[in-house]
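For the single chain, residues carry numbers from 1 onward in sequence order.
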Amino acid sequence: MLAIATASLLLASSAFAQSTTSFPEGVVATGTMGTTNPPEPTLGTAINQTSYARLLSVNSIDDWCIFAPPESQVIADSETYEVAWCSQARNDARVIPDGTITGVSLLKTDMYVQIMGYGDLTKINIPAGDWGGELDPHGAYGSGNPIGGNVTTNMTIDGETINVAEWMLYVSYEQFCFRACTWANSTYSAAAMCWHELDEMGCEFVMPGNYNFNGTFETCEADVAYPPGWYVEGVTDGTTSFSSFAQYWTGVVNGVTYTNGDLVTPSTVQSTPSSSNCQTVPTISNGIALASLGVSGAATATGSAATATGTATKSGSSGSSGSTTAESSSSSNAAVPGARVFQAGLSEGITLLSMISAIAAIAIFH
Ligand SMILES: *[C@@H]1O[C@H](CO)[C@@H](O)[C@H](O)[C@H]1NC(C)=O
Ligand SMILES: *[C@@H]1O[C@H](CO)[C@@H](O)[C@H](O)[C@H]1NC(C)=O
Ligand SMILES: *[C@@H]1O[C@H](CO)[C@@H](O)[C@H](O)[C@H]1NC(C)=O
Ligand SMILES: *[C@@H]1O[C@H](CO)[C@@H](O)[C@H](O)[C@H]1NC(C)=O
Ligand SMILES: *[C@@H]1O[C@H](CO)[C@@H](O)[C@H](O)[C@H]1NC(C)=O
């Protein structure tokens, strides 16, 4: 059921919206484009492997982008300034070198597009062993992680390209999952469907689906998942009520202790949506010979292992056992069985702490 919007409403909702579809509130980004981005998504831009463009487009199995560091560095330390890496030359962004990605599953649903991938992401500057972190348009500074990061997709209800207001990316050295929220209704807002505060939970919890696709490149239709962390509580008079899981966080900021969230972390999701009509392609190579252009995919600098430190502590079991703290190393998290834990997802809390200490430092020096 589509409502037809007036031209003025569409202009208010997006500079790029030109169709007659009225997207529900909260779906289309209303702000300006990040300063390092082209004014609109553009295919076939010049290759620039030192670009700082931060515009992702997710359009098809061989036309998508993710964020990764500009130089080799753990995600936790580079969240605010990650750059766009695309499977094609587009958006003035960097090109993902052929051979990086070993499997992709792209899901189109009524409320979001989701892309899951495996590969050797050390080729796009994520250090080996880095369990990565979570990026979204909010971030500690409210202007996105990365700052000025934007996302478009044409996998919308009518094929129109929109700038999405809500998206989330989990990325590690060997896996990523990304969701752009393209629709909403009174049960599920775009913000709920792309909920960005479960940064310690892995792809399979936050973006459930069939993750057994390494080695294949597929595009599928899929049912809509429950929003991340939502569980059905009951149905009364035909209306479903939900409870939701909030990740546990406690920390000391300027001497004040803050505590939030649930002590027990659920080990499973409400349900894993099924997918259908999968179409596979043999490869998503772009054929661009980066080396012959005198550029490589990744910078040569080596990154340090994840070493998040700070006073924040998150706990709760993940999968069948284990708890994590800000002080734990990536290797100890890697040993946690069950759901994959993105240790560096802690960085949002860390970033907040460092921001507050930065503000304190400024105050002292003035
Ligand atoms: C770009 O991203 C920023 C930060 O998330 C957001 O405020 C803005 O609305 C986005 N603009 C577009 C055109 O997507
Ligand atoms: C590549 O991107 C960098 C960073 O945005 C910019 O300084 C440089 O001029 C670009 N190079 C070319 C050839 O456009
Ligand atoms: C979306 O973009 C892809 C790749 O750029 C293109 O193949 C596809 O036709 C586009 N979809 C629509 C509906 O225009
Ligand atoms: C919203 O969409 C979801 C997923 O398709 C559906 O289960 C739910 O019933 C819808 N809610 C309303 C009020 O239409
Ligand atoms: C995916 O497959 C590649 C190639 O077989 C393999 O090297 C890699 O370890 C696999 N990734 C994961 C996360 O299993």
- Heavy-atom check, side chain of His196 versus side chain of Glu134, under 4.5 Å: yes
- Does Met155 reach the side chain of Thr182, with side-chain heavy atoms less than 4.5 Å apart? no
- Task: Output the distance between atom CD1 (Ile96) and atom NZ (Lys123), rounded to the nearest 0.5 Å.
- Result: 12.0 Å
- Query: For Met193 and Met111, which heavy atoms make the closest approach, and how far apart are they?
  - Reply: CE-SD, 4.1 Å
- Message: Has Asn210 got a side-chain atom pairing as donor or acceptor with Asn212's backbone, closer than 3.5 angstrom?
- Response: yes
- Message: Could you check whether atom CG of Asp110 has more than 12 heavy atoms from other residues, nucleotides or ligands sitting under 6.0 Å from it?
- Response: no
- Task: Report yes or no: does Asp120 contribute a side-chain atom to a donor-acceptor pair with the main-chain N or O of Thr100 at less than 3.5 Å?
- Result: no
- To the nearest 0.5 Å, what is the distance between CG (Asp92) and OG1 (Thr36)? 9.0 Å
- Evaluate the side-chain contact (heavy atoms from CB on, under 4.5 Å) criterion for residues Phe242 and Thr187: first the C-alpha distance (whole Å), next the side-chain angles of each, then the deciding distance (0.1 Å), finally the verdict. CA-CA 10 Å; Phe242 299 94; Thr187 316; 4.0 Å; yes
- Item | Candidates Thr152, Thr153, Thr42 - the one meeting side-chain contact (heavy atoms from CB on, under 4.5 Å) with Ser57 | Thr152
- Flag the pair Glu79 / Pro146 as yes when at least one side-chain heavy-atom distance between them is below 4.5 Å, and no otherwise. no
- Residue pair Ile75, Val171: steps toward the side-chain contact (heavy atoms from CB on, under 4.5 Å) verdict: CA-CA 8 Å; Ile75 297 290; Val171 60; 3.8 Å; yes
- Query: Going through the checks in order, is the side chain to side chain donor-acceptor pair (under 3.5 Å) test met by Glu71 and Tyr81?
  - Reply: CA-CA 10 Å; Glu71 283 159 22; Tyr81 56 88; over 6 Å; no
- Main-chain N/O of Gly209 paired with Glu204 side-chain donor or acceptor, under 3.5 Å: no
- Query: For the atom pair CG (Leu107) and SG (Cys177), what is the distance rounded to the nearest 0.5 Å?
  - Reply: 11.0 Å
- Query: Is it true that a side-chain atom of Ser271 and a backbone atom of Pro273 form a donor plus acceptor pair closer than 3.5 Å?
  - Reply: no
- Item | Smallest separation among heavy atoms of Gly26 and Glu166, with atom names | O-CG, 4.0 Å
- Query: Could you state the interatomic distance from OG (Ser189) to CD (Glu25), rounded to the nearest 0.5 Å?
  - Reply: 10.0 Å
- Look at the rings of Phe176 and Trp64 and say which category their plane angle falls in: under 30° parallel, 30 to 60° tilted, over 60° perpendicular. tilted
- Side-chain contact, heavy-atom cut-off 4.5 Å: Phe245 with Met201? yes
- Query: Checking Asn150 side chain against Gly34 main chain: does a donor-acceptor pair fall under 3.5 Å?
  - Reply: yes
- Message: Taking the side chain as everything from C-beta on, heavy atoms only, tell me whether Trp85 gets closer than 4.5 Å to Cys65.
- Response: no
- Task: Flag this pair as yes if the NZ/CZ of Arg179 is under 6.0 angstrom from the six-membered ring centre of Tyr170 and inside a 45 degree cone about the axis; otherwise no.
- Result: no
- Donor-acceptor contact below 3.5 Å, side chain Arg94 vs main chain Ala53: no
Side-chain donor-acceptor pairs of residues 213-232 under 3.5 Å, sequence neighbours excluded:
residue	atom	partner	partner atom	Å
Asn214	OD1	Thr102	OG1	2.8
Thr216	OG1	Phe213	O	2.8
Glu218	OE2	Ser105	OG	2.7
Glu221	OE1	Asn277	ND2	3.0
Asp223	OD2	Ser274	OG	3.2
Tyr231	OH	Thr268	O	2.5

- Query: Just checking, is any N or O donor in the side chain of Thr21 or Asp158 under 3.5 Å from an acceptor N or O on the other one?
  - Reply: yes
- What is the minimum heavy-atom distance between Val27 and Ala190, and which atoms define it? CG2-CB, 4.1 Å
- Message: Looking at Ser285 and Gly287, would you say the former's side chain and the latter's main chain have a donor-acceptor pair under 3.5 Å?
- Response: no
- Smallest heavy-atom separation, Leu55 atom then Pro38 atom, equals CD2-CG, 3.9 Å
- Is the backbone N or O of Thr239 less than 3.5 Å from a side-chain atom of Thr236, with the two atoms forming a donor-acceptor pair by type? no
- How would you list, by chain and number, every residue that makes a side chain to side chain contact (heavy atoms under 4.5 Å, CB included) with Thr32, sequence neighbours excluded? none
- For the pair Tyr118 (side chain) and Tyr211 (backbone), establish whether a donor and an acceptor sit closer than 3.5 Å, ignoring hydrogens and angles. yes
- Task: Flag yes if Val281 and Ile115 sit in one hydrophobic cluster, no otherwise; membership is Ile, Leu, Val, Met, Phe, Trp, Tyr, and two members link when side-chain heavy atoms are under 4.5 Å apart.
- Result: yes
- Query: Closest heavy-atom contact between Thr122 and Ala128?
  - Reply: CG2-N, 3.6 Å
- Task: Give a yes or no on whether the backbone of Pro69 and the side-chain of Asn125 come within a donor-acceptor separation of less than 3.5 Å.
- Result: yes
- Flag the pair Asp98 / Asn286 as yes when at least one side-chain heavy-atom distance between them is below 4.5 Å, and no otherwise. yes
- Task: Report the C-alpha distance between Trp183 and Phe23 in whole Å, list the side-chain angles of each, state the deciding distance to 0.1 Å, and finish with yes or no for ring pair (Phe, Tyr, Trp, His ring centres under 6.0 Å).
- Result: CA-CA 7 Å; Trp183 197 253; Phe23 285 83; 5.7 Å; yes
- How many angstroms lie between atom OG of Ser60 and atom CD of Gln88, to the nearest 0.5 angstrom? 7.5 Å
- List the steps, then state whether ring pair (Phe, Tyr, Trp, His ring centres under 6.0 Å) holds for Tyr188 with Trp195. CA-CA 11 Å; Tyr188 304 144; Trp195 187 238; over 10 Å; no
- Query: Quick one: CD1 on Ile147 to CD on Glu82, what's the gap to the nearest 0.5 Å?
  - Reply: 11.5 Å
- Are Thr156 and Glu160 close enough, and set up right, to give a side chain to side chain donor-acceptor pair (under 3.5 Å), and what steps lead you there? CA-CA 6 Å; Thr156 52; Glu160 173 190 357; 5.6 Å; no
- Task: Using side-chain contact (heavy atoms from CB on, under 4.5 Å) as the criterion, point out the one residue from Asn154, Val113, Leu106, Leu43 that pairs with Asn59.
- Result: Asn154
- Nearest heavy-atom approach of Gln175 to Cys203 is NE2-CB, 3.8 Å
- Message: For a side-chain contact (heavy atoms from CB on, under 4.5 Å) check, start with the C-alpha distance between Asp136 and Leu169, then their side-chain angles and the critical distance, and finish with the verdict.
- Response: CA-CA 6 Å; Asp136 60 64; Leu169 168 69; over 6 Å; no
- Check whether any side-chain heavy atom of Thr80 sits under 4.5 Å from a side-chain heavy atom of Tyr141, and report yes or no. yes
- Message: Are the side chains of Glu197 and His138 in contact, using a 4.5 Å heavy-atom criterion?
- Response: no
- Task: Would you sort out whether Val164 and Val28 count as a side-chain contact (heavy atoms from CB on, under 4.5 Å), showing the intermediate values?
- Result: CA-CA 5 Å; Val164 296; Val28 177; over 6 Å; no
- Short side-chain donor-acceptor distance under 3.5 Å, Asn37 and Thr35: no
